[in-house]
Amino acid sequence: MASTSSAPRALQLIRQIEDMGFTFLHDEPSYWVVPRLSLGFTRTAGHEVPLDTDGEPLYFQAVLTGPTDYYDYKLDRTS
């Protein structure tokens with residue numbers, strides 16, 4: 001099993017991607033998406049994991065890579 005000690009924590013990764021100019025949308029608990037990058041992240045864990053200060057798992061548990069523009073429709077709902 002790979003160590004995650006050098007991996008960025010979920011909240012840290014969100015800040016890094018936002019600093020690159022992308023928008024992270026968080027419209028469902030534990031689920032985050034990045035339109036224009038077509039990435040979806042979840043912090044939902046099916047087992048005991050370390051928690052961050054917000055009470056959610058410290059690290060993302062899974063990431064979905066979708067086709068181009070997969071999450072872009074969500075941008076229309078936020079404007």
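One-based numbering along the sequence shown.
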Is there a continuous path of hydrophobic side-chain contacts, each under 4.5 Å between heavy atoms, that joins [X] to [Y]?
X     : Y     : value
Val63 : Ile17 : yes
Phe22 : Ile14 : yes
Trp32 : Tyr71 : no
Leu64 : Val33 : yes

>> Exactly one of Leu51, Thr42, Thr44 should register a side chain to side chain contact (heavy atoms under 4.5 Å, CB included) with Pro57. Which one does?
In response: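 With Pro57 as partner, side chain to side chain contact (heavy atoms under 4.5 Å, CB included) holds for just one option, Leu51.
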> Taking Arg36 as the fixed residue, which of Asp69, Leu75, Thr23, Thr68 is the one that meets the side chain to side chain contact (heavy atoms under 4.5 Å, CB included) rule?
Replying inline: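 Checked Asp69, Leu75, Thr23, Thr68 against Arg36; only one passes side chain to side chain contact (heavy atoms under 4.5 Å, CB included): Leu75.
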> When the ring planes of Phe24 and Phe41 are compared, do they come out parallel, tilted or perpendicular, using 30° and 60° as the limits?
Replying inline: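 Judged by the thresholds at 30° and 60°, the geometry between Phe24 and Phe41 is tilted.
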>> Check this for me: Tyr70, atom OH, are more than 12 non-hydrogen atoms of other residues, nucleotides or ligands nearer than 6.0 Å?
In response: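 It does not: Tyr70 OH has 12 such atoms or fewer within range.
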>> I'd like to check the side-chain contact (heavy atoms from CB on, under 4.5 Å) partners of Arg15; sequence neighbours left out, ordered by chain and number.
In response: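 For Arg15, the residues satisfying side-chain contact (heavy atoms from CB on, under 4.5 Å) (neighbours in sequence not counted) are Leu11, Gln12.
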Which value, rounded to the nearest 0.5 Å, describes the distance between [X] atom [atom1] and [Y] atom [atom2]?
X     : Y     : atom1 : atom2 : result
Glu18 : Gln16 : CD    : CD    : 11.0 Å
Phe60 : Leu13 : CZ    : CG    : 5.5 Å
Tyr59 : Arg9  : OH    : CZ    : 5.5 Å
Ser38 : Asp72 : OG    : CG    : 6.0 Å

>> Under a 4.0 Å threshold between the charged nitrogen and the carboxylate oxygen, would Asp27 count as salt-bridged to Lys74?
In response: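 Asp27 and Lys74: salt-bridged.
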> With sequence neighbours left out, what residues match Asp54 under side-chain hydrogen bond (donor to acceptor under 3.5 Å, both in side chains)?
Replying inline: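 Asp54: side-chain hydrogen bond (donor to acceptor under 3.5 Å, both in side chains) contacts with Arg43.
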>> Could you work out, with side-chain hydrogen bond (donor to acceptor under 3.5 Å, both in side chains) as the rule, every residue matching Ser30, not counting sequence neighbours?
In response: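 Here the qualifying residues are Glu56.
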>> Determine whether Leu58 and Val49 satisfy the following criterion, side chain to side chain contact (heavy atoms under 4.5 Å, CB included), listing intermediate values before the conclusion.
In response: CA-CA 8 Å; Leu58 193 57; Val49 296; over 6 Å; no
